Amino acid sequence: MAATADFCRLKLVASENTPNCRLNTTNFTRHGCFCLNKIGVLHNRRNYLSGGKLGVLHQKRRRGLEVCCQTTGTGVQPKRTSSESDLEFAARVGKDRLLKVPSSNIRNFCIIAHIDHGKSTLADKLLQMTGTVESREMKEQFLDNMDLERERGITIKLQAARMRFMYKNEPYCLNLIDTPGHVDFSYEVSRSLAACEGALLVVDASQGVEAQTLANVYLALENDLEIIPVLNKIDLPGAEPERVSREIEEVVGLDCSEAIYCSAKEGRGINEILSAIVQKIPPPQDTAERPLRALIFDSYYDAYRGVIVYFRVIDGTIRKGDRIMFMASGKDYYADEVGVLSPNQMQVDQLYAGEVGYVSASIRAVADARVGDTITHYSRRAEESLPGYKEATPMVFCGLFPIDADQFSELRDALEKLQLNDAALKVGYLF
Ligand SMILES: Nc1nc2c(ncn2[C@@H]2O[C@H](COP(=O)(O)OP(=O)(O)OP(=O)(O)O)[C@@H](O)[C@H]2O)c(=O)[nH]1
């Protein structure tokens, strides 16, 4: 709710006497009013219009909330004013990132980089330059914000961010899916890559190609991704972007004639990167009419909501309230909440083929909705699950015993709790 209000920059008008006040639709745009009263709340509902429709009034009731809004649709696009800087315009456009765009204007991409080559700094700059996150909010790197990551200095947790970018006066929805850089996570990386059509290959222009980068580039090529080479840290005195470009051509076999030189730290080359994403990465296929197939690329356990599943819709649509089924685990649930990550979770009503989002469905254990599994509808099941799913294979074995035999049940409870959050953990008991 707070995120919505902030995102939409709605004006809040507290009203004691006006029950369920509904605003004059002609004036009720994104910058319209918000009416609060004791009985109901009107608030802007995310715009998921089919392309070109204008000014449709949405309305919905949910747990005492009345939701009502008129949206501007995809036909009315923000125009840059003469006094506005690039960043100010981007910030204004970024506020509309929940609006639907046609699937031809969606780009799903990830960033492949060796540790410390600047993936998180670049991701932060992309979020900033697209107005997804305002500069004052960038206290910490968004895609690198877990305590464990800070401690270990490596990105180990996948996350995603939806951005809105205006290119030649048309709005594009760019979904960045983060990939863990560490070699231990090659299966997770491969599922994130499978959720994308393209990748930025970020290489430190002062260091060159590293073995770990190569491994992930090959995974990206296996997944038929369009790869855009980016030479980062060109501000460093030791940067040799031409030499490193040649190295990428020789070692990886990628054409670097249009490689982008950038300094993520100083914000140079970021607009070029955003334009290249739009120009070079293919859009997803428009397969919204098919039965639902959504690829899970990450999940985590939330103590209050159960497992939160991050996915890319490959075919079909997923809507809040749908009865969904996980094809590998065979478990089914009702989708309590569907939304996008931008970069925080923001609820929407429906997601279509090509879009990236999350679902919360009171799922008890991460093992029920594992990375690589396919989400489909319970009543209209897809014939085949998406390819590439692998069962987690234990790599490390250990025996655990309580010092005091009376503490066995506590140990078992603790391990079961751990299992809820880690699908790779298998526990067997010897009696
Ligand atoms: N001079 C300079 N430093 C940069 C640039 N981009 C990133 N850095 C620095 O390089 C270091 C690593 O950057 P990160 O963005 O954390 O790199 P990463 O690839 O996300 O690293 P992991 O999170 O460890 O995987 C940080 O100290 C950044 O400030 C750049 O363009 N120029």
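Reckoned from all heavy atoms, side chains included, excluding hydrogens, waters and symmetry mates. Quick caveat: nothing in here was measured; it's all calculated off a predicted structure. Counting convention: from 1, in listed order, for ligands and their atoms alike.
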Q: Could you tell me which residues satisfy salt bridge (Lys or Arg N to Asp or Glu O under 4.0 Å) with Asp235, sequence neighbours excluded, listed by chain and number?
A: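 Asp235 satisfies salt bridge (Lys or Arg N to Asp or Glu O under 4.0 Å) with no residue once adjacent residues are dropped.
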Q: Compute the shortest N/O to N/O distance between Ala264 and ligand 1 and return yes if it is under 3.5 Å, no if not.
A: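 Such a contact does occur with ligand 1.
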Q: Look at atom 20 (O) of ligand 1 and find which of Gly118, Ser120, Gly238 reaches it with the closest heavy atom.
A: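 Comparing heavy atoms across Gly118, Ser120, Gly238, the nearest one to atom 20 (O) of ligand 1 lies in Ser120.
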Q: Heavy-atom distance to atom 11 (C) of ligand 1: which of His117, Lys233, Lys265 wins?
A: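 Checking each option, the heavy atom nearest atom 11 (C) of ligand 1 is found in Lys233.
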Q: Sort out for me which residue in Ile177, Asp298, Asn223, Asp178 forms a side chain to side chain contact (heavy atoms under 4.5 Å, CB included) with Ser192.
A: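 Exactly one option meets the side chain to side chain contact (heavy atoms under 4.5 Å, CB included) with Ser192, and it is Ile177.
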Q: With atoms numbered from 1 as shown, which atoms in ligand 1 lie under 4.0 angstrom from a non-hydrogen atom of Ile115?
A: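 It comes down to these atoms of ligand 1: 24 (O), 25 (O).
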Q: Quick one: do Glu242 and Arg246 make a salt bridge, cutoff under 4.0 Å?
A: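 No salt bridge links Glu242 with Arg246.
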Q: List ligand 1 atoms under 4.0 Å from His114, heavy atoms only on the residue side.
A: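 Every atom of ligand 1 under 4.0 Å from some heavy atom of His114: 19 (O).
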Q: So, Asn232 versus His117: side-chain donor-acceptor pair below 3.5 Å or not?
A: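 Judged by distance alone, the side chains do not pair up.
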Q: Give a yes or no on whether a salt bridge exists between Glu197 and Arg312, defined as a side-chain N under 4.0 angstrom from a carboxylate O.
A: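 Looking at Glu197 and Arg312, the cut-off is met.
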Q: Relative to the heavy atoms of Leu236, which atoms of ligand 1 are at a distance of less than 4.0 Å?
A: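 Counting atoms of ligand 1 from 1, those under 4.0 Å from Leu236 are 1 (N).
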Q: Evaluating non-hydrogen atoms only, which member of Asp235, Asn232, Thr121 is closest to atom 29 (O) of ligand 1?
A: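 Ranked by closest heavy atom to atom 29 (O) of ligand 1, first place is Thr121.
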Q: Run the numbers for me: atoms of ligand 1, each under 4.0 Å from some heavy atom of Lys119, listed by number.
A: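 Listed by number with element, the hits are 15 (O), 17 (O), 18 (P), 19 (O), 20 (O).
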Q: Show me the side-chain donor-acceptor pairs of residues 357-368 shorter than 3.5 Å, one per line, residues at least two apart or across chains.
A:
residue : atom : partner : partner atom : Å
Tyr358  : OH   : Glu337  : OE2          : 2.5
Ser362  : OG   : Asp336  : OD2          : 2.7
Asp368  : OD1  : Lys331  : NZ           : 3.1
Asp368  : OD2  : Tyr333  : OH           : 2.6

